[in-house]
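Here is the naming used below: chain letters follow the sequence lines, and residue numbers restart at 1 for every chain.
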Amino acid sequence: MPIQYYIYLCLVLFSIGIIGVLTRRNAIIVFMCVELMLNAVNLLLVAFSKMHHAAALTLNPAATTGIEGQLFVFFIMVVAAAEVSVGLAIIVMLYRNTHSVDINFLNRLKN
Amino acid sequence: MSTTEILFYFLSALAVFSAIMVLVSKSPVHSVLWLIVVFFTISGHYVLLNAQFLAIVNLIVYAGAIMVLFLFVIMLMNLNTQTEPQKHIWMKLAGVISGGCFLMVLISLVRQAGDMQGKTALMKTGNIGLIGNLGKALFQDYVVPFEITSVLFLSAMVGAVVIGKK
Amino acid sequence: MNAIIVSALLGVLMMFSGIWVKNRAAITNIAAAGLLLLVIANLLNTYGVWVIHVNTHGMLEFQQFGLFFNTIAFTATLLYVLLSGRDMERTGADTAEYYALVFFVLCGVSILTSFNGLLMLFLGIEILSIPLYILTGADKKNLRSNEASLKYFLMGCFSTGILLMGITLIYGATGNFSFGNSQPIPGTTMVSAPFLEVAGILLVFVSMAFKVSAAPFHFWTPDVYDGAPSVFTSFMATVVKAAGFIAFVRLFSMHTALMGPSWRIIVTFVIIATLLVGNITAVFQQSVKRMLAYSSIAQAGFMLFALYSDNDLAKEGILLYSIAYSLATIGIFAILIKMNDYTFDGFNGLAKTHPVLAAANTVFLLSLAGIPLTAGFFAKYYMLASAVKAGGSIWLVIIAVIFAAVSVYYYFRVIQAMYFKEGTPSVVPTGKSFHTLLIITAAAIILIGLFPSWVLNFLYF
Amino acid sequence: MSKLVFLVPLFPLIGFLANGLGRRFLSKPAVSIIGCGAILASFVVSLVLFFDVKANGGGTSTLFNFISVDNFSIPFAFQVDQLSSLFLLIITGIGFLIHLYSSAYMHEEEPQHFGRYFAYLNLFVFSMLLLVMGANYVIMFIGWEGVGLCSYLLIGFWFKNTNYNYAAKKAFVMNRIGDLGFLLAVFWLIFRLGTVSYGDVFANVSKLSTADITAVTTLLFIGAMGKSAQIPLYTWLPDAMAGPTPVSALIHAATMVTAGIYMIARSNILYTLAPATQTLVAVTGLATAVFAATIALKQNDIKKVLAYSTVSQLGYMFLGLGAGAYTGAVFHVMTHAFFKALLFLGAGSVIHAMHHEQDIRKMGGLKKYLPITHITFLLACLAIAGIPPFSGFFSKDEILVAAYAKNPLFYYIGVAGALMTAFYMFRLYTLTFLGNFRGTHEQEHHLHESPWQMTFPLIVLAVLSVLGGFVGIPELFAANAHSLEHFLEPVFAGSNAVAEHHHPEASQEWLMLAGSTAAIVIVIVLAVRLYKNYQPKEETSAGLSKALENKWYVDELYDALIVNPLNALAGFLKNVVEKSGIDGIVNGAGRLVGYGSRQLRLLQSGQVGNYILVMVLAIVVFILIWFNDATITRFFSKIF
Amino acid sequence: MIPVLLILTPLVTGLVSLLLKQSETAKGWALLSSLVSLIIAIAGVFFYPKQQLVFDAAWLPDLGSRFALQMDGMGKMLCLLTAVSFPVIFLATYRNEYRNAGRFYALMLLTQAGLTGVFVATDALLFYFFWELALIPVYFLCSIWGGERRIPVTFKFFIYTFIGSLLMLIGILYVYFHTPDRSFAMHSFYRAVLDARMENFVFWLFFIAFAIKMPVFPFHTWQPDAYEQSPTAVTMVLSGVMVKMGIFAVIRWLLPVFPHASVHFADVVIVLSVIGILYASLIAIRQDDFKRLIAYSSIAHIGLMSAAIFAGKSAGLNGVMVQMFNHGINVIGLWIVADAIEQQLGTRKFSELGGLAQKAPALAVLLAVMAFANIALPLTNAFVGEFLMFNGLFQYNMWMAAVACISVILAAVYTLNMVQKVLYGSTGSITEQAGETAPNVQWALVLLAIGIMVLGVYPQPMINLTKDSVQAVLVNR
């Protein structure tokens, strides 16, 4: 597949994630949109990894070029998992105190 | 058009559609479910790209663990369509426009990017995505970052405990 | 490597000491001892006496610059623990866990000073950030703390997303994660402009700018610094932020090919915006804590000069700046934490009731304002000098000094409150040792202000 | 000789210091002895010097280097030659008499103020001596300003009276306006010649262009206008009558005001080489002479009349200078010093007797009460009116003849002024001494002749006024009779060599003398007849007479044209420009920061969504900037 | 060694003074310290009349900066002025009571150290340091012990001057990077090679700093307020010595470092100065406040100095040198009188004063001496300076000189106004109970008056002292 297609797809997904962050008020949904962004990145990484791999194969059939991209995805997933645990803990804590997950209500701190 | 290409287009279309549905769903639960669909389509892409390990991990970690966690929290909070807060229409519009601008700028960049011309992502072939190869690389070259992520997890753990306990 | 391993282990140790040690004061002492150990371990590493050798496969690269910064960061943390450690107890019960998180942050700091490649950068930033989300929300019953925590978390995740997209685009264009030394991938030829790489670099830049709270990505800073428990604000605003800068400078000095005119324009834009937002907004604040948050943005504006000029002077300068800024800010926060009223009026008449606090605070504020004879002067001096040396930017420097003069306005409001106004400030009782430490800190600031060469020679030793 | 030179100013300086510092401790007699003694000593030394100069010619002696920078130096040097030694005699001589007079006149003052008075007087004499003895323009300027200072101090001697203080200030400021001209002239000389010493300047005069000389002389003349009360800077002098009367005699008649004449006479070579300036001097002098005389016609204050008469006489002297009759001017300075000092002292005696009543309408018939004063005053009036053979006749005649040589019109106008002089002087004399006493009974009861300290100077001065003219008998009467001219010859040698002298025909000169004398006599008779039986009546004068009484409204004119606009400008600068303008910009910058702060902090809305929105937009903008850098660089390079 | 001693003496004694609790002890200590400084300064000036006293030690080797001090003629003269001023100030204000007197005098002495440092530093960075060191104690002095509006006013003063000095810092940095040997030493600065465009630009960075300090129109608005609100002892330092910093700096750092720019912009600066002279003089005419009058009068005098400097003529520069010293002692004298009156009567308004000559004849005489020195009457010291300065200006441009000379008249107007309204006339309700001032004030004034007279009659030693500094400036032009 031409790499542009993957880039377009991932950028679209990434932008949808951004739009989600910008348009939703529910902290959990916002967080989910961030996860969507991360997944778009992951997919793009894999696509690039395969692209570089394809390029390397023309010179050396045993080349492992591109593997670092997939490993990076692995680390992103790890980090994402850790973030989710912390993030959800924070959201729950806030919910316990305010009974709301609306980020528009987060305006005690301003100016 | 080969099967892979058809699959690619189908998965892409589904992914974009589901992603949009995540945004527009009124009910948080629906959003989560749509997101899981996105993750599945992405896993499908991984399979197409012959990255089986990542495909599986994606399903287990994201769709399985993380999304369930989300769902669980949402259920716990008893969030539903009625309680779901909505942003002002202008704010939404602004969000969409700026996100669209972001997308447009990046895409126009990619279209001009000469070094991407004629490059293709290898599909269905290539063995770098296989678990054996990944594992070797992970525990040889990438052992330091791998170990360091343990610190990350430790801190996340401690953090969750600190925040979570009464 | 010493620093990374020791700090991680110390973090674990602190985690468990929470279970075994019930005396809170003892926990603080353990932490202090641990930090001392950390400093020593890092110094040993610096001078090559005792180094834990680990084959990092080029993932990490230990240079004097980074190691020296480690020493600064650890020493600053030690000072911070000594001055404000006991005040953590007022935030929440989990003192040991807080310290564990602090150590994990330091682990992240050590990674950020030695990363070689975007993967370690990413991990470093995450290890640095995740504990901070927690620490920001440590005051669980306090809604402001909760709010700050969630804001910080959401925006932090968003910026992580941006960072990752940037890294990915760079990877797509170059085929590896080693930022800067992009060798052509075998079998390909570099054709036309590397648009993708540039876009990636920009996104990485934006994300790093977010971490060091450069405008217009600074918005989290005032809210988070204001909402977080003051003890942790002190830590975040000093060690963490300085580490962010070191990473920033390290990252972008790797990529020397970047220095085109457009790069300069963007950095100039960011510097001016940061100085403007930081300084101007700080002027009208009523709370000293929030003022300090804005002032930290303003100081970031100055530190960004290191990025702009990117020469040796700038690298030395950023170290000196870290020292000066950390010492002064930790000191001010140590005093601020003792105050019951964070507004400017809360400081009225402090000079009468607590002359030592007031005098030390004055030195800290003068240093932040960059008045000569204090470390802060030489910090700013190096930044300006590096920009002048880089050339072609005298207007930028002039704008910077005008904002420096504006900064005097709000820093001196505190001095005015302390010395020239009448009032009875309510202050938590402070001990002799606290006073002594403050005086030592102030003296250190003045000494560095007189003889910055001492510190710099240490670096070139 | 050189050793003695320093003694001349030293004695008054010592007197000043002793009286000034010791005014609390010294008794009145001690003060007067110190004060008068110092001047007497100076006079004696001056006499010695005079004869020395007469025998051996003048010379310069340097005390020390006052200012010396690399390209020029100003020595603190004294030059005693014919001109200055003559002035030394006038200053110390008349000065001594007036000191003596003062010791009685000021007797009512408290000891402290009595001491202060003598200290000022001594300081004045010291300054005046510096002025005439200085060997260069800077030393002259020191004295020049010094006499201005003393004038200020003495006019405001009775400092409780606010009006006197205003008069003093006015005198000082007007003098300063003149001084400014003087200073600029000095700068000009330094700029062109690098020296200010008379000797060097006059020797190098050929290096100066005509424009230079004209400028320098004009500027110097502006200085002279201020000090010697010429139009337009004369208005301070009448107001200066606020000071004690002996002061008026000493400063505002006999010595200080003649400084301008001295200075021009000293710089005669420059003026001779600048005909344009000479004409200016002559015209200004003539205008002043007539103008002041018209005002004097209608003044009722005894001292004011004398003051305007002084202004008028000074005008004559400038007319003489402008006409090139330097000797004549100096001669008139001398004779004027005698008779004007006498007039003022006489007036002082009258005022003393009348208990500080100065309005001549309330006097009259004092002849019998104050015989000595009366006689001496009459002699002085005859002298000033120019009746032969009194001193004024000779000196004024010499000036008028020279003026005729320059331009006959000058002569006729000058004679008209002389007639007015005769008229107002005899109006004054008649109103004061003749007729019936018009004051209160109490005043009449206390009328008595003054003590010897006051009458003695009157007598001495009267003798001088009568006989003083004989040092300058015109060539008309006898060849080589003009001994003063011969004495001063070396000083004016340079000018005489350059300028051609037209002397009118002897017959014409006789005619002029006779005619003017006859006219003056007629005017005197007229004045005496007119005012002999004067009775004060409530009259509201109108028209010309009112304008004259109000001194042609010159003070009002100055107020309207200069003082008020300046005050308004100052007020405008203070209240508007400074406050709202310059300080306004500074404070405005501060306020702008405050305003910006209040607006900018609204950006910090507290909404995460907004924060991220800004971030996203910033990213978009950055990417756009990056890929359009060439355009932007061009844009900025245009701005800076 | 003498320059070091001159800095160290007030510095050390100042720090010691921080610990003094008793007001009387602190006063005595400060007076003693300042006298020691005076002795050292006199020793420096009279025992080494010809040598340049040099001290040089390593300081910041990495930055190319050394702790280099040097006293040439101008430095000696200004050190002497500083050393003379402080004892006189301490003496004159000996009876004023300050809260925390120990701290007050400590800050005063620190100011003295800073001022002296400015006058002797030959290293640009060190110079900058002392420049600021002199400012900061003053900020505290004014803000703590000043008048009613002290906080905003002092703050304005501080920020104003601080902006100026920061701009100068940029200039210093710029020149530093263009010195042949990357050094902050004065002589390296003199040899710096700048292209014409940048020289013209950097010139202004320096000039604005100095112009604010002097102050030159239109950078002066901090000054009247600051003088009015500061405690008088500080005002004396400010106007007597501190404004000399600006003038000194122009001569030492501006003219030689930017020879072409200072010629190029001479007209601009002189026109500004001349406008300032007239402007300040006119405003002074309408002042009702003693302190503000002196402040504006000072602006006018300083304007003349700055014009004369930029005229760049030998006579003018010599005049500036002399006038720096003379203006210092004259204006201190005026402040002492103003303070004595305010301390005694509690007012500085001319409209409330009057008739003091009857009540306090000695003070009246001394005020008159100061006033006449202020209008540069011959045989007072100021005449020599002004005469030479006008002279230099005249040689540069006679029209500018002529316009500037108008100030001679205006000075007479406002000064005599002041004299008249304070001393003369009849006493009012406030001045009724006035009396002679304390002996310490009188002695201080007498000392100054003697100085005024002596330097007015025999100024040549002062001219000789600073002659070589003038030559040095002219050579570089």
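Here the straight-line distance linking atom CG of D:Leu592 with atom CD1 of D:Ile585 works out to 12.5 Å at 0.5 Å rounding. Atom CG of residue A:Leu9 and atom CG of residue A:Leu13 lie 4.5 Å apart, to the nearest 0.5 angstrom.
Contacts with chain A (heavy atom to heavy atom, under 4.5 Å) involve no residue of residues 165-177 of chain D. Scanning residues 594-603 of chain D against chain A with a 4.5 Å non-hydrogen threshold yields D:Arg601, D:Leu602, sorted by number.
No side-chain donor-acceptor contact under 3.5 Å links D:Ser68 to the backbone of D:Asn65. A distance-only check finds no donor-acceptor pair linking the side chain of A:His52 to the backbone of A:Gly66 [under 3.5 Å]. Of the possible polar contacts, none joining the D:Ser580 side chain to the D:Val577 backbone as a donor-acceptor pair under 3.5 Å is found.
Between D:Ser127 and D:Leu149, the closest side-chain pair of non-hydrogen atoms is not below 4.5 Å. At least one side-chain heavy atom of A:Ile90 sits less than 4.5 Å from a side-chain heavy atom of A:Val86. Contact annotation: the side chain of D:Gln604 approaches that of D:Tyr611 to within less than 4.5 Å [non-hydrogen atoms, C-beta and beyond].
By the 30° and 60° cut-offs, the orientation of the rings of D:Trp144 relative to D:Phe182 is tilted.
Taking A:Val21, A:Thr23, A:Asn104, A:Val30 one by one and counting their heavy-atom pairs under 4.5 Å with chain D, the maximum is reached by A:Asn104.
Aromatic ring centres of D:Tyr164 and D:Phe159 lie farther apart than the 6.0 Å criterion allows.
Using a 4.5 Å cut-off between heavy atoms, A:Ile18 contacts chain D through its side chain alone, with no backbone atom that close.
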